[in-house]
J.: 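Dropping a structure here in structure tokens format, bear with me for questions.
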Number of protein chains: 2
Amino acid sequence: MLDDDGKRPTIYDVAKEAGVAASTVSRALARPDRVNARTREHVLAVATRLGYRANPIARALPSGRTQTVALFVSDVTNPHFFGIIRGAEQQTRAAGCTLILGDTEESPDLESGNIERLSGSVDGFVVAASRMSDSRIKELASRHRLTLVSRQVDGVPSAIVDHEDGTRQIIEHLASLGHTSVVYLAGPRRSWLAAKRWQVIRATARQFDMAAERLGPFPPAVRGGAAAADAAFGKGATAAIAHNDLLAIGMLRRFADRGVRVPDDISVVGYDDIFGADFCSPSLTTLAGQFEEAGRIAVDLLLGVRDGVRRSRSGSQVVLPSHLEIRASTGPAPR
Amino acid sequence: MLDDDGKRPTIYDVAKEAGVAASTVSRALARPDRVNARTREHVLAVATRLGYRANPIARALPSGRTQTVALFVSDVTNPHFFGIIRGAEQQTRAAGCTLILGDTEESPDLESGNIERLSGSVDGFVVAASRMSDSRIKELASRHRLTLVSRQVDGVPSAIVDHEDGTRQIIEHLASLGHTSVVYLAGPRRSWLAAKRWQVIRATARQFDMAAERLGPFPPAVRGGAAAADAAFGKGATAAIAHNDLLAIGMLRRFADRGVRVPDDISVVGYDDIFGADFCSPSLTTLAGQFEEAGRIAVDLLLGVRDGVRRSRSGSQVVLPSHLEIRASTGPAPR
DNA sequence: CTGAAAGCGCTAACAG
DNA sequence: CTGTTAGCGCTTTCAG
């Protein structure tokens, strides 16, 4: 063995051992069809015998491709992202690549900072629930490969779970239970989703002759629930739509502490159907969507594997269906 | 501007523009003290003007250091890992490095396979809740930088949350409630933790004159809870310790469905104090620990920032304290 | 089909 | 203190 000097064997070691040129080894490995079958097999045999493993760094230098994609989420501990993370991880691995995960802590600056920092070590970026402005996203997308999850920006490929029809389902559900007004407990000011949801809630409520009011913003976490619950209760609301399940669960707890009965005194609806939404008490009515699929699609779009359901000059914007998971936190309006 | 040919500027572009040699640029950037203050500032100014950004790949090739660490968890969607992931992410970033996250799907082969695959693109590995055998871990640790979370192996640095004293707290709690026997709903056969927990449960129960029995294994997920609950109930147990909170929560649901009252008919205890343990119904008594800190420490140990609390010839094995979070799922033994 | 040779962008001796 | 000169390991023309 020529190379037990402690370092791992390179193509040169393999080449020398196999009695061929390094470039032949390279080809045998990367473009097997461009090499004589006999030599290819010989080279491959020697490579395995020597325990040769390609150095990904060295391979990335000339080509510029790192076989790596980065996923940024605004908060790794938010269960909302689990499905997205898992889907992205699976699809990345399926494509023979590696996923890098970053937490941007709800900060637009950390998002763009991380993108700049990793540009060069990564083939592309998937940004979930971006807090950046449309213009900043466009600018970054023009200089880097970039796709979005739970966010739509003109010209940038994205995968989102439908919120328009989903929100309509929520309002319809509440209306059918006799509610005549609804409050929306808003998420962060920077959240695109929060803005969108409120738009649709207001528009749809009007169609159903329901009054709609927005309160907040509240931190999209369980701890935000106390203030949200108090605000909703203070307004005398009979139906509350929380920006997400975390907030909704926090509200349920606050209501329980204050002796407010759910759904007898007030109905509560969330978004996302996160882990826990089915076993909190009462179990939470919430809008469920295929977030895992969204993660997968975002990676596909990034890697160019998939063209997108609707492809237009503005890029591929995939919208996944959502459905209302009706549980115990919603009921007839109190009279 | 010399370099708006679409590619990003290199040190050569900066060097030419600044009228110095490339190596001077390299030094000005990496070892500012080895360069005349005047030239350094000039070079730096030119670099910023040109929008120069170091290419991490190119930098990694000669040095072999990628400023990247990989974290493997056995299941990204298991809330147990959230704290660990977050802690590791924070500490990695604090060290100026990047975290790669991998899901090994409870498979020892995927663990070692991924380690081999990423070796070379990564400075080291943190493996959480490894399913590999001690010998395989030792072997890998001898060839790669590697630290462990929630697992101890001789000679390999690790951070775990105490289970010995914690388990004693659980048994003591149950004994004080008058329970005279306990069943342990075991986790996966390959799980080191599952084995350890059972050892300690059995030993401690004996000290308290309690009978102890192990049932299972069960999948450490909510869906495993039904079978676990039925098994525990079938044995006529008055107190059940689940391998983790996921399993415990699944059990609570099954008991609710079957009309078994918790804690009146049976007490349930979990491990980890995951998201949801405080709002399931009844809320879950569980052993809480500083998993975020464990993630941080594992990264520190890997990067050599920290020496470990107990350093021995066998490496640094850090044990973090745990405490019993007593909630509503445990109560006096039925008479 | 295969070999020689020129880089990819940066670091690190080694001279000056 | 700064410039020159080799590489790091692999890919990729370009000849042969």
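Keep in mind that this is a model prediction, so the values were computed, not measured. Quick note: numbers below take in every heavy atom, side chains included, and nothing from hydrogens, waters or symmetry partners.
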J.: Report the distance from atom OH of B:Tyr52 to atom P of C:dG9, rounded to the nearest whole Å.
T.: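 That distance rounds to 10 Å.
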J.: Do A:Arg151 and A:Asp134 sit within salt-bridge range, that is, some charged N less than 4.0 Å from a carboxylate O?
T.: yes
J.: Between residues 57-69 of chain B and DNA chain D, which residues have a heavy-atom gap below 4.0 Å?
T.: B:Leu61, B:Pro62
J.: Quick check on A:Arg143: does its CZ atom have over 12 non-hydrogen neighbours (other residues, nucleotides or ligands) under 6.0 Å away?
T.: yes
J.: Are B:Phe81 and B:Phe291 close enough that their ring centres sit under 6.0 Å apart?
T.: no
J.: For a side chain to side chain contact (heavy atoms under 4.5 Å, CB included) with A:His144, tell me which candidate from A:Ile115, A:Val122, A:Asp123 qualifies.
T.: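 Of all the options given, the one that passes is A:Ile115.
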J.: Looking at every non-hydrogen atom in both residues, tell me the closest pair between A:Thr66 and B:Ile57 and how far apart they are.
T.: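 The pair with the smallest heavy-atom distance is CG2-CD1, 3.5 Å.
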J.: Between the protein and nucleotides 1-3 of chain C, are there any N/O to N/O pairs under 3.5 Å, and if so, what are the atom names and distances?
T.:
from  : atom 1 : to      : atom 2 : distance (Å)
C:dT2 : OP1    : A:Thr39 : OG1    : 2.9
C:dT2 : OP2    : A:Asn36 : N      : 2.7
C:dT2 : OP2    : A:Thr39 : OG1    : 3.2
C:dG3 : OP2    : A:Ala21 : N      : 3.1
C:dG3 : OP2    : A:Thr24 : OG1    : 2.5
C:dG3 : N7     : A:Arg27 : NH2    : 3.3
C:dG3 : O6     : A:Arg27 : NH2    : 2.3

J.: Side chains of B:Arg40 and B:Leu44: does their closest heavy-atom pair fall under 4.5 Å?
T.: yes
J.: Are more than 12 heavy atoms from other residues, nucleotides or ligands located less than 6.0 Å from atom CZ of A:Arg34?
T.: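 Open: at most 12 neighbouring heavy atoms sit under 6.0 Å from CZ of A:Arg34.
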J.: Show me the pairs that pass side-chain hydrogen bond (donor to acceptor under 3.5 Å, both in side chains) and involve residues 92-106 of chain B, at least two apart or across chains.
T.: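 The answer is A:Arg86-B:Asp103, A:Arg93-B:Glu105, A:Glu105-B:Arg93, A:Arg117-B:Thr98, B:Glu89-B:Arg93, B:Glu106-B:Arg131.
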J.: Kindly indicate whether the side chain of B:Tyr12 and the base of C:dC8 share any N or O donor-acceptor pair separated by less than 3.5 Å?
T.: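 When only heavy-atom distances are counted, B:Tyr12 does not reach the base of C:dC8 through any donor-acceptor pair under 3.5 Å.
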J.: Please enumerate all residues that pass salt bridge (Lys or Arg N to Asp or Glu O under 4.0 Å) together with B:Arg53, with sequence neighbours excluded.
T.: none
J.: Is the side chain of A:Asp13 donor-acceptor paired with the backbone N or O of A:Thr10 at a distance under 3.5 Å, no angle test?
T.: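 The answer is yes, because a donor-acceptor pair under 3.5 Å joins these two groups.
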J.: Roughly how far, to the nearest 0.5 Å, is CG of A:Leu303 from SG of A:Cys97?
T.: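 Spacing of SG (A:Cys97) from CG (A:Leu303) equals 5.0 Å.
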J.: Establish, from distance only, whether the side-chain atoms of B:Ser107 and B:Asp109 form a donor-acceptor pair under 3.5 Å.
T.: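 No donor-acceptor contact under 3.5 Å links the two side chains.
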J.: In degrees rounded to 10°, what angle is found between the helical axes fit to the five outermost pairs at each end of the helix from C:dC1-D:dG16 to C:dG16-D:dC1?
T.: 40°
J.: Rounded to the nearest Å, what distance is computed from the CZ atom of residue B:Arg53 to the C1' atom of nucleotide C:dC8?
T.: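 Checked: the CZ to C1' distance equals 19 Å.
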J.: Quick check for you: name the first and last nucleotides of DNA chain D, 5' to 3', having an atom under 4.0 Å from a heavy atom of chain A.
T.: D:dG9 to D:dT13
J.: May I ask you to say whether A:Glu139 pairs ionically with A:Arg136, meaning some side-chain N is under 4.0 Å from a carboxylate O?
T.: no
